S.K.: 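This is the structure I want to talk about, given as structure tokens.
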Amino acid sequence: MGRIFRKPEVMTDEPTHYCPGCTHGLIHRLVAEVIDELGIRGRTVGIAPVGCAVFIYNYISVDFQESAHGRAPAMATGIKRVRPDLIVFTYQGDGDLASIGIAEIIHAANRGEKFTTIFVNNAVYGMTGGQMAPTTMPGQRTTTSPFGRKVEEVGMPIKIAELLSTIETPGYITRQTVIKPKYIVQAKKAIKKAFKYQMEGRCFSLVEVVSICPTNWGLTPVEAVKWAEETMLSYYKLGDCKTPDSHKGV
Amino acid sequence: MGRIFRKPEVMTDEPTHYCPGCTHGLIHRLVAEVIDELGIRGRTVGIAPVGCAVFIYNYISVDFQESAHGRAPAMATGIKRVRPDLIVFTYQGDGDLASIGIAEIIHAANRGEKFTTIFVNNAVYGMTGGQMAPTTMPGQRTTTSPFGRKVEEVGMPIKIAELLSTIETPGYITRQTVIKPKYIVQAKKAIKKAFKYQMEGRCFSLVEVVSICPTNWGLTPVEAVKWAEETMLSYYKLGDCKTPDSHKGV
Amino acid sequence: MDCMTYKFSIDVDRCKGCGLCVSVCPKKVLEISDKVNKKGYFPVRQAHPEDCNFCGACYLMCPDVAISITETAEDDREQE
Amino acid sequence: MDCMTYKFSIDVDRCKGCGLCVSVCPKKVLEISDKVNKKGYFPVRQAHPEDCNFCGACYLMCPDVAISITETAEDDREQE
Amino acid sequence: MQNEAIFAGFGGQGILLSGKILAQAAMVQGLEVAWVPSYGPEMRGGTAYCMVVISDRPIGSPIIKNPRHLVAMNLPSLEKFAPLVKPRGVVLINSSLISIRAGRNDVDEMVIPVTDIAKDLGNVKVANIVALAAFVARSRIVDFDLLREAVTGEFARKGNLLALNMEALDRGKDAALRFR
Amino acid sequence: MQNEAIFAGFGGQGILLSGKILAQAAMVQGLEVAWVPSYGPEMRGGTAYCMVVISDRPIGSPIIKNPRHLVAMNLPSLEKFAPLVKPRGVVLINSSLISIRAGRNDVDEMVIPVTDIAKDLGNVKVANIVALAAFVARSRIVDFDLLREAVTGEFARKGNLLALNMEALDRGKDAALRFR
Amino acid sequence: MGKILMKGNEAIGEAAVRAGCLSYFAYPITPQSEVSEYLARRMPEVGGVFLQGESEVAVSYMIFGAVGCGARAFTTSSSPGISLMSEGISYIAGAELPAVFINIQRGGPGLGGILPSQGDYFQSTKGGGHGDYHLMVMAPAGVQEAVEMVMMAFPLAEKYRNPVMILGDGLIGQMMEPITFPDHLRTEPPNKDEWASNGMDTRKSSKPNLVKSLFLDPKELNAHNLLLKAKYERMKKEDVRYEPYNIDSDYQILIVSYGTMSRVCKTAIDNMKEDGMEVGMIRPQTLFPFPEAAIHDAASKAGCRVVVSIEMSVGQMVEDVERCVRGKCPVEWYGKCGGEVPTPEEIAGAVRSLLEKNAGSFGAKY
Amino acid sequence: MGKILMKGNEAIGEAAVRAGCLSYFAYPITPQSEVSEYLARRMPEVGGVFLQGESEVAVSYMIFGAVGCGARAFTTSSSPGISLMSEGISYIAGAELPAVFINIQRGGPGLGGILPSQGDYFQSTKGGGHGDYHLMVMAPAGVQEAVEMVMMAFPLAEKYRNPVMILGDGLIGQMMEPITFPDHLRTEPPNKDEWASNGMDTRKSSKPNLVKSLFLDPKELNAHNLLLKAKYERMKKEDVRYEPYNIDSDYQILIVSYGTMSRVCKTAIDNMKEDGMEVGMIRPQTLFPFPEAAIHDAASKAGCRVVVSIEMSVGQMVEDVERCVRGKCPVEWYGKCGGEVPTPEEIAGAVRSLLEKNAGSFGAKY
Ligand SMILES: Cc1ncc(C[n+]2csc(CCOP(=O)(O)OP(=O)(O)O)c2C)c(N)n1
Ligand SMILES: Cc1ncc(C[n+]2csc(CCOP(=O)(O)OP(=O)(O)O)c2C)c(N)n1
Ligand code: SF4
Ligand code: SF4
Ligand code: SF4
Ligand code: SF4
Ligand code: SF4
Ligand code: SF4
Ligand SMILES: [Mg+2]
Ligand SMILES: [Mg+2]
């Protein structure tokens with residue numbers, strides 16, 4: 001028992017602007033730990049999303065570009081094509097990646113762009129005040145689905161990891177979560193693996209992270225964790241969907 | 001042996017602007033036959049793509065809207081949401097649907113919009129002079145892949161039918177071709193089924209049609225048919241990928 | 001109307017001479033002619049109409065709806 | 001440096017009192033305090049530090065990196 | 001004559017609602033009114049505020065640098081807005097959460113433990129109404145009866161909350177009348 | 001002095017290339033030149049054309065309603081452009097594919113079975129060079145030797161095609177000289 | 001009907017419903033998301049349609065489809081979202097569809113900020129999209145006017161078969177003001193059966209309706225553009241709207257200002273009047289068609305020495321003002337942007353220093 | 001180096017390579033697809049990057065990413081494609097990135113047509129995207145000038161850290177003309193290590209570089225906009241380009257025209273001169289910054305009775321001309337669009353009838 005735990009070096013001292021219990025900060029920390037451990041700070045470029053994590057560059061001290069809503073994969077493509085030696089990651093929410101930016105992520109994955117995407121699925125548009133996302137659960141109330149998501153009207157939540165895994169171009173696609181310590185350990189491993197695949201120049205990699213948004217779910221952080229576990233994890237199954245070695249998903 | 005074969009009523013007399021052997025005209029005829037047979041001419045609205053088939057409204061005599069490149073599914077959504085009684089179909093090429101318009105088709109399918117898409121996959125941008133499409137085959141030469149599509153650089157061709165079939169919302173997704181009479185008979189059945197699902201208000205439906213573009217492939221029509229059969233059909237497998245009854249693809 | 005048969009016709013000016021019908025005709029009835037049509041294409045023609053079994057494969061395959069096969073009473077035939 | 005042990009600390013002003021650490025601590029060491037911090041949150045505190053086994057679950061779970069567990073020589077300890 | 005009031009505090013303290021109820025009362029009184037909230041990401045966990053402008057003429061600019069009055073529900077709000085208040089304006093300080101004072105001697109400072117009063121009433125959430133009542137009682141910015149009407153209107157369809165809020169209204173008014 | 005020529009025919013007849021070679025020759029002759037193609041979907045299976053403008057002064061508008069000369073490789077082209085040609089211009093008619101005439105008596109009509117000559121040479125594709133040579137020989141729009149150079153340049157890297165095209169050039173010139 | 005206190009964004013949603021527009025497609029963006037949130041509840045009550053699109057690009061074409069088949073439909077967004085609709089707006093204008101767009105502007109360029117701004121004047125009046133087209137652009141200065149403009153927008157769009165843009169800003173959207181709704185105006189798009197692709201069953205003729213913007217033949221496309229131009233000229237004749245303010249006074253300086261900014265200007269003008277200084281103002285209510293003659297005339301008035309365009313931008317409308325003034329006076333710009341709003345005091349200061357700067361000017365009145 | 005005959009689109013591609021721009025991202029669209037087709041072969045030869053993006057929206061952000069990490073990068077498109085880049089262009093301007101965009105215009109609005117047009121003047125000069133920003137806009141009148149402008153565009157973009165747009169049209173793209181390439185100018189963006197997100201290893205300091213357009217604090221955003229404004233003012237001082245034509249003559253009418261249209265005007269002017277009629281012309285080579293002073297001065301010249309803006313659009317630049325002329329003369333528009341191009345004869349006709357119409361005018365010279 002007992003290890004050393006402290007803020008990764010690449011994280012700044014600035015307190016985050018996130019709501020109490022919001023897992024964005026936690027996921028930032030995992031990314032930061034991986035950057036530290038891989039020793040790639042000096043050649044890493046992050047792409048900030050438009051979403052609650054828009055200020056990620058205030059917390060992780062590497063070069064950053066700030067994307068437009070949904071377009072981070074296109075920006076990452078632009079960078080990696082002209083500077084394949086840089087390590088590039090995008091950090092995107094579910095509104096960002098699964099709604100407005102779904103074309104960009106699919107095509108980046110399909111072209112096999114060699115960057116890493118951290119995809120934070122919190123089943124809602126956090127930043128703009130809790131509107132419905134493509135990943136919102138059936139029946140879930142949001143400000144734009146005040147009577148609960150009606151599947152007959154707007155369909156089922158999109159499973160991004162599975163969707164991307166049908167693509168024939170090799171890639172690493174996995175779904176993780178950070179709602180419990182045991183999952184957090186796994187999630188970090190997956191993030192590290194994703195960065196490593198990039199460093200080896202092997203493939204596109206994406207880690208979907210099932211997350212919580214206590215504020216817009218109208219729950220306390222602890223309740224939110226419970227809801228995520230009960231409702232989301234049974235729909236969004238954890239684990240690797242695709243590795244560059246396996247041709248097709250698990 | 002022996003049946004009656006003549007131009008469907010809903011087809012106009014105007015000769016098409018297509019190149020000799022181009023299967024767009026053939027697919028138009030199938031759609032027209034289905035409209036005739038279902039007796040839905042008076043309440044059908046088509047959405048023309050931006051692609052070689054941009055003038056489809058000159059050949060099929062129903063109400064039409066002409067879309068912007070890739071956006072037909074959004075337009076069809078707009079129509080069906082305000083006029084669910086109309087029968088709406090989009091007719092889209094692979095540049096249109098699989099490249100610029102992939103977000104729109106995925107989200108329409110995911111919301112379960114009750115319209116029908118005829119998706120003509122000819123592995124190339126026909127109208128603009130034969131540039132590479134997301135569906136272009138590995139090694140295939142096009143004006144923007146003059147040395148052949150390099151999979152290491154731009155990935156594998158996208159299989160739209162399979163991609164859309166992972167979506168959880170019920171739908172009818174099938175892949176057909178028209179390069180031989182036997183396939184044509186099947187393709188027509190599929191198109192009819194797709195329209196029927198719409199008429200029953202059941203689900204989104206999409207028929208991918210593997211097609212030829214002799215002009216931009218630099219082949220005669222007969223050679224093009226052969227190439228399509230040998231090269232495309234082994235990658236783009238024919239058959240239903242998903243029906244509203246089966247939850248997941250075949 | 002007692003004595004029904006089929007009439008095969010090619011709309012020469014719609015035909016673009018692509019040859020797809022030729023390639024699918026099980027009876028080798030069709031061939032590309034050497035007379036240019038209005039649009040400058042060499043349209044298809046029934047070289048061996050007697051072999052035609054009105055199967056419709058050519059119609060099915062034609063991208064330009066240039067072929068039609070219709071029912072016709074025997075006596076209508078002459079009028080064409 | 002011979003005699004190593006661990007130091008547990010909470011950055012009170014980073015803590016937002018979300019309670020997630022409390023919920024995952026296997027030893028029930030933590031609780032939310034009733035003193036407001038600078039930002040107006042009620043931060044967490046080690047109510048039973050003696051039970052802490054430095055497992056790090058709380059660190060892992062904290063979204064705000066408000067907890068740290070570091071190695072420290074016995075004699076360093078007093079300096080804090 | 002134009003008057004403005006800023007209501008400021010934590011998100012969740014019902015700041016925007018207090019302002020809205022005041023605006024509603026003023027409107028019914030026949031005055032021109034505009035209610036302007038702070039909005040956007042800075043609301044997230046931080047401070048929220050709204051500005052209510054009340055006038056007997058059409059309101060020009062609804063964006064006011066120096067408002068007449070301030071209702072400060074937490075410390076950061078007092079620190080941010082107290083310096084901006086016009087002389088002779090009312091500055092209500094929620095002493096339950098704020099231990100300092102405005103640091104001005106040209107304003108009408110009113111120190112009331114609003115949150116404690118609300119707790120006393122059994123629900124910390126009604127602190128906003130306590131404060132609103134105290135503020136209106138002191139500033140007379142609108143007719144108190146119309147304020148009562150507005151509170152009634154706001155909570156009429158919210159069943160059991162009505163009585164509680166009416167009580168909060170009275171307690172706030174009392175506190176103001178008893179202040180100093 | 002400015003001259004213009006339209007080359008028109010089916011897509012696939014090498015129309016754009018004839019124009020380009022002429023433009024190349026004129027450029028080498030030290031003249032100003034602009035080559036403007038028809039483009040876009042109407043090319044699909046239909047007629048293609050290009051316009052070459054040659055001048056001893058900088059060229060203003062490269063878009064010309066009434067060109068001086070016309071090389072018509074098929075019927076629709078002749079029908080479309082013949083009426084536009086300026087008086088005294090050369091109108092080359094590919095009689096292999098066109099059975100009518102320009103229907104004008106103020107132009108220099110030259111009727112040559114260009115496609116047949118090309119077939120004769122063993123490759124229908126060189127009809128464009130036959131026509132180009134005949135046209136230049138007649139119109140003298142550029143120095144014929146420079147034209148020869150331009151054709152050489154165009155096909156130099158295309159191996160066996162060079163000899164064939166040089167032959168086409170000569171046959172075209174001959175045909176023009178022998179015409180009428 | 002009594003006044004009700006309503007937030008701009010919600011009032012906009014309600015006004016559309018009352019104008020008979022029962023279809024709304026949108027994508028969330030601050031500071032206008034409350035329109036969606038309001039209509040997500042309201043549309044089901046009236047049997048209308050609310051759909052959150054996957055992006056602003058998609059939304060612009062959902063609107064195209066809905067309006068193209070004869071429905072009334074509108075969307076709301078804010079600056080970056082409107083940019084994404086540029087192509088769609090150009091298509092809609094090209095296809096002559098009476099769609100309504102509402103831009104609750106925020107600071108730009110790029111991601112910019114979320115506070116009120118007027119940085120999209122150019123984009124909306126000069127056509128953010130490609131090609132020769134114009135939107136009719138209306139700029140409300142408060143919630144009540146926003147309501148009225150929304151309710152006028154649909155019939156106006158249908159009068160011209162041309163998209164109408166309402167250019168608000170974050171303040172209009174976020175503010176609550178007392179409002180009354182004009183009487184219900186519900187009508188359907190007139191003559192829609194003549195052009196809408198609503199199914200051939202709808203009409204007697206067997207001619208299909210075709211909604212399109214493609215004209216490959218340049219003669220046709222030129223003619224189409226001239227037809228559009230004629231509509232814009234007609235707008236200039238029939239539908240210019242503006243409010244003059246203190247224009248009968250003996251002003252030496254004329255302000256041109258619109259929307260939120262003009263309200264602050266009014267306060268400034270009132271304050272200056274109290275101080276004995278007269279300032280006139282023209283407030284364009286339609287930004288396209290622009291009140292060209294009104295501004296020219298007001299600038300030509302004897303005594304007017306300088307015209308100033310006051311904007312929450314670094315100077316966009318000022319170009320139109322300059323154009324209309326045609327050299328009658330010097331034309332200046334004053335403003336702030338990105339969420340900063342000049343105060344009445346700052347405006348008064350600016351006015352004073354502009355008068356000093358242009359002390360020698362006497363205009364070129366002829 | 002001798003002249004070579006090259007198609008505009010291909011010459012543009014080659015010019016970019018010679019300007020040291022080795023990254024190109026684009027999406028096919030007529031009439032500019034040949035740029036991609038050329039560079040698909042050429043870029044591998046020089047170790048450069050060509051990537052066909054999935055859409056114009058994506059392409060605009062690929063450019064953002066590439067330029068943002070310090071590379072030179074450009075794209076080409078045509079009207080509808082540029083509309084789809086509006087948001088991206090606004091972001092790029094907001095983030096102060098020196099990207100180069102080339103618009104080979106076609107007829108609009110909407111799908112329009114594919115023939116040459118000048119309908120995107122407003123879009124490119126007034127900011128198709130949202131917020132207060134400007135592109136530097138250059139308009140070549142032929143292939144040689146297109147080559148030169150492309151080669152100037154990169155250093156100019158870097159001088160200002162502002163995107164540059166080259167506004168051509170289908171004719172410029174499709175035409176072949178003899179060209180020579182200026183000497184190679186290969187340099188890298190100067191000082192890029194100061195701002196580009198190219199990895200912290202690149203620089204000594206441990207401060208990360210951040211490329212962004214977000215400024216949530218209104219004061220900051222206002223300041224940022226003023227900084228941008230200052231750049232645009234500097235452009236107006238240092239980089240206005242135009243060509244006067246027959247301006248020393250005794251003209252009664254002044255033409256303002258650019259790009260392809262100006263070539264036809266030159267022919268018309270030459271023809272009219274032969275007929276004894278003098279017509280002056282100012283041809284803006286930069287549309288932003290616009291040659292305001294030159295046009296004002298030329299319109300102010302004694303004898304000039306009317307100014308006409310001749311465009312392949314139904315009248316866009318005419319507004320800028322009107323603005324600059326400031327009442328010195330009446331300002332008129334003449335043109336055609338959608339692929340129709342006025343002939344020299346038509347222009348002469350228009351000039352004559354405008355002179356008649358404005359016979360009474362003598363300008364307001366003071
Ligand atoms: C083009 C555009 N559309 C909309 C927005 C508004 N917007 C900002 S963030 C956001 C959604 C964020 O949700 P998500 O991506 O799920 O991230 P989260 O905040 O939940 O982490 C939206 C719609 C924008 N900035 N730009
Ligand atoms: C926004 C936009 N981008 C690009 C184009 C140009 N464009 C027209 S058709 C087309 C591709 C057509 O290819 P596909 O969809 O495969 O249809 P096909 O012609 O092969 O049937 C493109 C890129 C356009 N019109 N609009
Ligand atoms: S709104 Fe949700 S996602 Fe955003 S910071 Fe708060 S909890 Fe996190
Ligand atoms: S280019 Fe290809 S798709 Fe287009 S009409 Fe010709 S053969 Fe058909
Ligand atoms: S109908 Fe059958 S047999 Fe007759 S020509 Fe056609 S394909 Fe041949
Ligand atoms: S398939 Fe049709 S177009 Fe082709 S040759 Fe046969 S009849 Fe003619
Ligand atoms: S380290 Fe482990 S035992 Fe100690 S407080 Fe944290 S979670 Fe509890
Ligand atoms: S998890 Fe972190 S922020 Fe939350 S209460 Fe514990 S220490 Fe504080
Ligand atoms: Mg989210
Ligand atoms: Mg295709």
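Just so it is clear, the model here is predicted, and its values are computed rather than measured.
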S.K.: If the test is salt bridge (Lys or Arg N to Asp or Glu O under 4.0 Å), which one of Arg41(G), Lys7(G), Arg42(G) qualifies with Glu14(G)?
M.R.: Arg42(G)
S.K.: Without hydrogens or angle criteria, can the side chains of Ser36(G) and Tyr24(G) be said to hold a donor-acceptor pair below 3.5 Å?
M.R.: yes
S.K.: Counting heavy-atom pairs under 4.5 Å with chain G, which one of Glu32(E), Gln2(E), Gln24(E) comes out on top?
M.R.: Gln24(E)
S.K.: Heavy-atom distance under 4.5 Å to chain E: side chain of Glu346(G), backbone, both or neither?
M.R.: side chain
S.K.: Would you please test Glu345(G) and Lys65(E) for salt bridge (charged side-chain N to carboxylate O under 4.0 Å, His left out) and show each step?
M.R.: CA-CA 10 Å; Glu345(G) 296 70 36; Lys65(E) 274 246 162 97; over 6 Å; no
S.K.: Does Asn128(E) form a side-chain contact (heavy atoms from CB on, under 4.5 Å) with Gln13(E)? I'd like the steps, not just the answer.
M.R.: CA-CA 6 Å; Asn128(E) 60 338; Gln13(E) 282 185 312; 5.9 Å; no
S.K.: Determine, for Lys266(G) against Glu243(G), whether the closest basic-nitrogen to carboxylate-oxygen distance falls under 4.0 angstrom.
M.R.: yes
S.K.: Can you list the residues of residues 161-173 of chain E that sit under 4.5 Å from chain G, counting heavy atoms only?
M.R.: none
S.K.: Shorter than 4.5 Å, heavy atoms on both sides: which option in Ala141(G), Ala268(G), Gly170(G), Gly113(G) has the most such pairs with chain E?
M.R.: Gly170(G)
S.K.: Please look at Ile59(E) and chain G and tell me whether the side chain, the backbone, both or neither of the residue comes under 4.5 angstrom of a heavy atom of that chain.
M.R.: both
S.K.: Before you tell me yes or no, could you show the steps for Arg138(E) and His69(E) under side-chain contact (heavy atoms from CB on, under 4.5 Å), namely the whole-Å CA-CA distance, both residues' side-chain angles and the distance that decides it to 0.1 Å?
M.R.: CA-CA 11 Å; Arg138(E) 183 83 172 191; His69(E) 309 294; over 6 Å; no
S.K.: Any non-hydrogen side-chain atom of Asp270(G) less than 4.5 Å from a side-chain atom of Tyr245(G)?
M.R.: yes
S.K.: Any Lys/Arg nitrogen of Glu145(G) or Arg241(G) sitting under 4.0 Å from an Asp/Glu carboxylate oxygen of the other?
M.R.: no
S.K.: With chain E, which of Gln174(G), Met261(G), Met175(G) has the greatest number of heavy-atom pairs at distances under 4.5 Å?
M.R.: Gln174(G)
